[in-house]
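Below, read A as the first sequence line, B as the second, and so on, with proteins coming before strands; counting in each chain starts at 1.
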Protein chains: 2
Amino acid sequence: MHILTGRARSDYLKKYPIDDFFSFDIQPYLEVCQFDKGEWIFQEGSFPDTLYYMLEGKAKLYMTHKNGKVSLIEYLKAPLFMGEIELLNEARYTKGIQTVTKTICYSITQSCKEKLLVDALFLRRLCLFLGEKATNMTAKYTQNQAYPLENRLAAFIQLSAEQGIYKEKHTEICEYLGVSYRHLLYVLAQFCEEQIVEKRKTGYHIIDKKRLAQLAQEIQ
Amino acid sequence: MHILTGRARSDYLKKYPIDDFFSFDIQPYLEVCQFDKGEWIFQEGSFPDTLYYMLEGKAKLYMTHKNGKVSLIEYLKAPLFMGEIELLNEARYTKGIQTVTKTICYSITQSCKEKLLVDALFLRRLCLFLGEKATNMTAKYTQNQAYPLENRLAAFIQLSAEQGIYKEKHTEICEYLGVSYRHLLYVLAQFCEEQIVEKRKTGYHIIDKKRLAQLAQEIQ
DNA sequence: ACAATAATGTGAGATATCTCATATTTTTAA
DNA sequence: TTAAAAATATGAGATATCTCACATTATTGT
């Protein structure tokens, strides 16, 4: 991670105004920082003391289980807060966050924690963010319980395909969908067999959009 | 649902002071209300316009999937907020909440919504509540992905047993744990076979506390 | 350019979990 | 009090998903 200054800093501040998140002047407490692709923003098990607001980029939220399994809990896409729960709740150990692309964030030091925690403007925004997060996790949780991979994968292919082509890394997606690598490949093969997608060098091409949507929509 | 007045009302207000949740006088906006056992506090798919704070009681948070499966998402135990996400986010349809026992709540009408949404004291408490909710759901989600029923059931038996006896309704718990009734019974039978619990008329008695803890603790 | 590492792909056999059918017991409501 | 509804129980066969072993093909760092 490195901190941007001068022109780079002011350009981001202009492009992503954040003043209206707070009812006090946040600038003295704020840095613009950049994480390179693959860098860890939070280490699993650490006690972070910085609140980040991601402006540009994409990251993965991870946790490792006692049995060694790793869950890719979700993809984080700008804009969003990171480390907000630790701000509210002192000394809460955190999950791991690793960037997928170059990522630009505002970092806000906890030195203005007192100010933040009495700022209704900021707190209201945080409530909205947290409410949405809770709602999303609940949705994911219940969907995972109620539907087999066939449906969840169909939904995920719809979501992540670009120009009708799905080309995510299997190793990553099986962690995200919470199934084994083997099983993911089975179901992909099944989609090929059913002519829903076609495997080419460029990726899996969606050929039966309708059927895919049908499988996905059973979820909601 | 009925609203308590007079002596009943003031007794609850005394027993569960709530003034320090707000920086303005909430009393004019507040009712004390009681739901009978089995009553629905929120109907699934409705657009609630009341914020509740549960003082006493226990309820179940439900959702029904398109495929007809019902998920018992979680048990709600006092104290907690209900309808808070709908307060923040207009017109968000909600999940169903049904009481398990007689339940006493404060209800706060949305007529003071404007006041609530600029009240840092209240918002901060809401942030804490929502943050915890998000954290819990995330934990549940990842655990369900990473462990078979054997471990999750062991953890649940530990949690819900009273005086070493587990006696929840199977029909409910299988929805809660997200497995079929049949499978729940299989794993319970397996616990009996392994002499971890013993089935008697009074319920399933825990006889190998250590082994149960071992299975449960693999989760975390 | 090459060795190390990561990602892909596949088979085989095990296990976790589901669906459905059906019988019995308990609880609930009229 | 009795009939209906809910909860418990169990078998049998299917399906979803896992683990492990191993081979092949990219990707990456030096």
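- Distance, B:N151 CG to C:dA16 C1': 12 Å, rounded to whole Å.
- Candidate nucleotides D:dA9, C:dC18, C:dT10 were compared by shortest atom distance to the side chain of B:Y204, and D:dA9 ranks first.
- In this structure, B:K169 does not reach the D:dA6 phosphate: none of its side-chain N or O atoms is under 4.0 Å from OP1 or OP2.
- Atom CD1 in A:I173 sits about 14 Å away from atom P in C:dG9, given to the nearest Å.
- A straight line from OH of A:Y181 to C1' of D:dA23 spans 12 Å, rounded to a whole angstrom.
- At whole-Å resolution of the value, CG in B:L215 and P in C:dA16 are 12 Å apart.
- Close to C:dA6, at under 4.0 Å from its OP1 or OP2, lies no side-chain N or O of A:T171.
- Atom OH of B:Y186 and atom P of D:dT15 are 16 Å apart (whole Å).
- Of the two residues contacting DNA chain D, namely B:E172 and A:E150, the nearest-nucleotide position lying further toward the 5' end is that of B:E172.
- Checked for salt-bridge contact, A:K140 and A:E74 miss the test: no charged N lies under 4.0 Å from a carboxylate O.
- Note: NZ (B:K37) to C1' (C:dT27) measures 11 Å, nearest angstrom.
- Remark: side-chain polar atoms of B:T138 are not paired, donor with acceptor, to backbone N or O of B:N136 under 3.5 angstrom.
- Note on A:K199: a side-chain N or O is less than 4.0 Å away from OP1 or OP2 of C:dG9.
- At the heavy-atom level, A:K201 lies nowhere under 4.0 Å from the strands shown.
- Taking atom CG on B:L153 and atom C1' on C:dT17, their separation rounds to 14 Å, with Å as the unit.
- Across A:Y52, A:W40, A:F42, a single residue satisfies ring pair (Phe, Tyr, Trp, His ring centres under 6.0 Å) together with A:F35, and that is A:Y52.
- The list of side-chain hydrogen bond (donor to acceptor under 3.5 Å, both in side chains) pairs with a residue in residues 196-208 of chain B, not counting sequence neighbours, reads B:E198-B:R200, B:R200-B:H205, B:T202-B:H205.
- Here the side chain of B:H170 is nearest to one of D:dT19, C:dG9, D:dT8, namely D:dT8.
- In this model, no donor atom of one side chain and acceptor atom of the other lie less than 3.5 Å apart for B:E39 and B:Q98.
- Residue A:R152 places its side chain closer to D:dT17 than to any other of D:dT17, D:dA9, C:dT19.
- Here the P atom of nucleotide D:dC18 and the CD atom of B:Q145 are 10 Å apart, to the nearest Å.
- Base engagement by A:H183 is indicated by at least one non-hydrogen atom pair under 4.0 Å involving a base atom.
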